[in-house]
Visitor: 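What follows is a single structure, and I will ask about it in a moment.
Read the numbers this way: they start at 1 and go in the same order the structure lists the ligands and their atoms. The model shown is predicted, which means the values in this text are computed figures rather than measured ones.
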Amino acid sequence: MRVLVLTGAGVSAESGIPTFRGKGGYWRNLDPTKLATPETFERDPQLVWEWYRERRERICAAQPNAAHHAIAKLAQDAGEFLLVTQNVDDLHARAEWEGKRLSADQIVQIHGDIFVTRCSRCDFSYEGRGGSPEPPGGRLRPIAPNSDDHVNFLRCPKCDVLMRPGVVWFGEQLPWKEVQRVEDYLDRGPCDVVIVAGTTATFGYIIDWALRASSGGELIEVNPEETPLSRFATRLVREPAAIALPRIIGELLAERLGL
Ligand code: OAD
């Protein structure tokens, strides 16, 4: 069975991570879709880093939910599998089924990784699960060494510009290597099953990939609300992902693979 799963913020909602456009998405009365922009970072990097620092902390404290674990099960049992997530958290990567996690080549984080801190200009980057940004072995220096700011601003050691979170912001290009991985998977042939869960599908590429992958196959949408993709779905499941996905995935594996 060849499978593509596309996920968005709704899949992590039941782990306590607020979605972008839903209730609880606002942070200090600010709209996340306006915070996650190059313009806001240029104007007020401290504000943007504070938001990401809080999100990092929240994600570190959160646990994968039944939806993440069910997707890990599907990844193990489907013959061919790719997960494309718009989520920058690591909950898919931490999810397990019978002690096994998805492998790195089964996951594409198309909007980046919140735990990466990278230079605003060059390709210098590092990973870390602590506050923002977290200097590796003191190689980076704070902007204001005597500052009491608890946000530790850092500059790139190579080009001296501000470090930023390794995520894709509104109006920015997607990481081409990751796009290429999705394209390569789609070029290898259509999928028997495409599951789109927990996303408003506001971006054209999400709809495009779902439709291309599912041509002739099943397109299942899991979302309590209608989205632009709903009218193309062969099956609509209007339930929270953590309830619907374990059941749907169990049914799919039983029907198609006799598992
Ligand atoms: P949104 O916040 O736009 O949408 C979350 C979706 O999840 C909505 O369609 C909800 O109906 C649905 N939802 C909420 N709770 C759910 C649950 N328990 N189970 C299933 N679905 C649920 O998040 P995304 O669509 O992921 O991009 O947003 C896409 C991108 O826009 C994000 O990656 C981010 C954002 O701005 C960038 O930052 C570039």
Side-chain angles (χ1 to χ4, degrees), residues 5-27 30-41 47-49 51-52 54-56 58-59 62-71 83-92 95 107-116 118 132 164-176 178-179 182 194-210 220-233 235-249:
V5 177
L6 291 153
T7 64
V11 166
S12 295
E14 282 148 286
S15 294
I17 313 296
T19 63
F20 280 83
R21 296 172 182 82
K23 270 186 267 152
Y26 272 53
W27 176 77
L30 298 166
D31 179 351
T33 61
K34 304 229 165 63
L35 281 166
T37 64
E39 293 76 24
T40 310
F41 187 68
L47 178 77
V48 175
W49 261 124
W51 181 54
Y52 279 101
E54 279 192 27
R55 280 186 82 89
R56 280 181 176 181
R58 196 184 268 254
I59 292 164
Q63 294 305 322
N65 64 51
H68 298 106
H69 294 307
I71 291 169
L83 165 68
V84 179
T85 184
Q86 297 162 85
N87 298 344
V88 297
D89 65 46
D90 61 354
L91 296 176
H92 280 300
I107 310 180
V108 174
Q109 278 190 294
I110 203 67
H111 289 167
D113 177 346
I114 196 168
F115 294 111
V116 168
R118 68 172 173 86
S132 311
R164 55 165 283 180
V167 301
V168 177
W169 283 331
F170 285 96
E172 292 187 323
Q173 295 208 328
L174 298 178
W176 71 266
E178 302 306 292
V179 171
V182 182
V194 177
I195 300 177
V196 184
T199 177
T200 41
T202 37
F203 297 115
Y205 45 88
I206 297 298
I207 298 179
D208 176 48
W209 288 336
I220 304 172
E221 181 178 65
V222 179
N223 196 316
E225 315 245 334
E226 192 173 334
T227 78
L229 201 64
S230 302
R231 64 194 179 98
F232 302 108
R235 183 167 166 199
L236 290 170
V237 186
R238 297 265 173 258
E239 282 176 299
I243 294 174
L245 280 176
R247 188 185 68 241
I248 293 169
I249 286 170

Visitor: Quick one: which of Thr202, Val168, Leu174 has a heavy atom closest to atom 39 (C) of ligand 1?
Guide: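 Residue with the shortest heavy-atom distance to the ligand atom: Val168.
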Visitor: Of all the atoms in ligand 1, which lie at a distance below 4.0 Å from a heavy atom belonging to Gly198?
Guide: 5 (C), 6 (C), 7 (O), 20 (C), 21 (N)
Visitor: State plainly whether the residues Glu226 and Arg238 are in salt-bridge range, i.e. N to O under 4.0 Å.
Guide: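 Arg238 and Glu226: not salt-bridged.
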Visitor: Of Ala244, Pro240, Pro224, Ala67, which has the heavy atom at the shortest distance from atom 21 (N) of ligand 1?
Guide: Pro224
Visitor: Heavy-atom contacts with Glu225 under 4.0 Å: which atoms of ligand 1 show up? List them by number with element.
Guide: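 So the atoms of ligand 1 that pass are 11 (O).
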Visitor: Going by heavy-atom distance to atom 3 (O) of ligand 1, choose the closest among Gln86, Glu221, Arg21.
Guide: Arg21
Visitor: Determine whether the side chain, the backbone, both or neither of His111 has a heavy atom under 4.0 Å from any heavy atom of ligand 1.
Guide: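 Side chain only; the backbone of His111 stays clear of ligand 1.
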Visitor: Which heavy atom in Pro38 sits nearest to a heavy atom in Phe170, and how many Å separate them?
Guide: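 Nearest heavy atoms, Pro38 then Phe170: CD-O, 3.4 Å.
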Visitor: Relative to ligand 1, is Glu172 under 4.0 angstrom through side chain, backbone, both or neither, heavy atoms considered?
Guide: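 Under 4.0 Å from ligand 1, Glu172 contributes no heavy atoms.
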Visitor: Looking at ligand 1, does any of its N/O atoms fall within less than 3.5 Å of an N/O of Ala9?
Guide: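 Yes; at least one N/O pair falls below 3.5 Å.
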Visitor: Only distances under 3.5 Å count here; give the side-chain donor-acceptor pairs of residues 198-208 to other protein atoms, sequence neighbours excluded, each with its distance to 0.1 Å.
Guide:
unit_1	atom_1	unit_2	atom_2	d
Thr199	OG1	Gln86	NE2	2.9
Thr199	OG1	Ala201	N	3.0
Tyr205	OH	His111	NE2	2.7

Visitor: For ligand 1, which is the ligand I care about here, please tell me if Asn87 has any N or O atom under 3.5 Å from one of the ligand's N or O atoms.
Guide: no
Visitor: Measure the distance from atom 13 (N) of ligand 1 to every protein heavy atom, then report the residue, atom name and distance (to 0.1 Å) of the closest one.
Guide: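 Going atom by atom, the protein heavy atom closest to atom 13 (N) of ligand 1 ends up being Gly10 CA, 3.6 Å.
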Visitor: In the protein, which heavy atom is nearest to atom 4 (O) of ligand 1, and how far is it?
Guide: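 Going atom by atom, the protein heavy atom closest to atom 4 (O) of ligand 1 ends up being Thr200 CG2, 3.5 Å.
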Visitor: Between Thr199 and ligand 1, is there a nitrogen or oxygen pair with a distance under 3.5 Å?
Guide: yes
Visitor: With heavy-atom distances below 4.0 Å as the criterion, list the atoms of ligand 1 near Asn223.
Guide: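 Checking each atom against Asn223, I get 8 (C), 9 (O), 10 (C), 11 (O), 12 (C).
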Visitor: Using distance alone, determine whether Phe170 and ligand 1 share an N or O pair under 3.5 Å.
Guide: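 No, Phe170 has no N/O under 3.5 Å of an N/O on ligand 1.
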Visitor: I need the minimum non-hydrogen distance between Pro64 and Ser15, along with the two atoms involved.
Guide: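 Smallest heavy-atom distance, with atoms named: C-OG, 3.8 Å.
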Visitor: Between ligand 1 and Ala241, is the shortest N or O to N or O distance under 3.5 Å?
Guide: yes
Visitor: Between CD1 of Ile220 and CD1 of Ile195, what distance do you get to the nearest 0.5 Å?
Guide: 5.0 Å
Visitor: Among all protein heavy atoms, pick out the one at the shortest distance from atom 18 (N) of ligand 1; state its residue, atom name and that distance to 0.1 Å.
Guide: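 Of every protein heavy atom, Glu14 OE1, 2.7 Å lies nearest to atom 18 (N) of ligand 1.
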Visitor: If you have a sec, work out which protein heavy atom is nearest atom 30 (C) of ligand 1 and how many Å separate them, to one decimal?
Guide: Phe203 CE1, 3.4 Å
Visitor: Assess the residue pair Phe232 and Val194 against the criterion (side-chain contact (heavy atoms from CB on, under 4.5 Å)); give the C-alpha distance rounded to whole Å, side-chain angles, the decisive distance to 0.1 Å, and a yes or no.
Guide: CA-CA 12 Å; Phe232 302 108; Val194 177; over 6 Å; no
Visitor: Decide yes or no on side-chain contact (heavy atoms from CB on, under 4.5 Å) for Arg235 and Glu221, but give the supporting numbers first.
Guide: CA-CA 6 Å; Arg235 183 167 166 199; Glu221 181 178 65; over 6 Å; no
Visitor: Determine the minimum heavy-atom distance between Leu236 and Ala233, stating which atoms define it.
Guide: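 The answer is CD2-CB, 3.7 Å.
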Visitor: For Val11, is there any backbone N or O sitting under 3.5 Å from a side-chain donor or acceptor partner on Asn65?
Guide: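 Here the side-chain-to-backbone pair exists.
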Visitor: So, does Ser12 use its side chain to make a donor-acceptor pair with the main chain of Ala9 at under 3.5 Å?
Guide: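 A pair under 3.5 Å: no.
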Visitor: Going by the atom numbers of ligand 1, which of them fall below 4.0 Å from some non-hydrogen atom of Gly8?
Guide: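 Reading through ligand 1 atom by atom, the close ones are 26 (O).
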Visitor: For the 3.5 Å polar cut-off, considering only N or O atoms, please tell me whether Thr227 and ligand 1 meet it.
Guide: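 No; every N/O pair is 3.5 Å or more apart.
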Visitor: Would the distance check show the side chain of Asn223 and the main-chain N or O of Ala197 forming a donor-acceptor pair, the cut-off being under 3.5 Å?
Guide: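 Answer holds: no.
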Visitor: Which class fits the ring pair His68 and His92: parallel under 30°, tilted 30 to 60°, perpendicular over 60°?
Guide: perpendicular
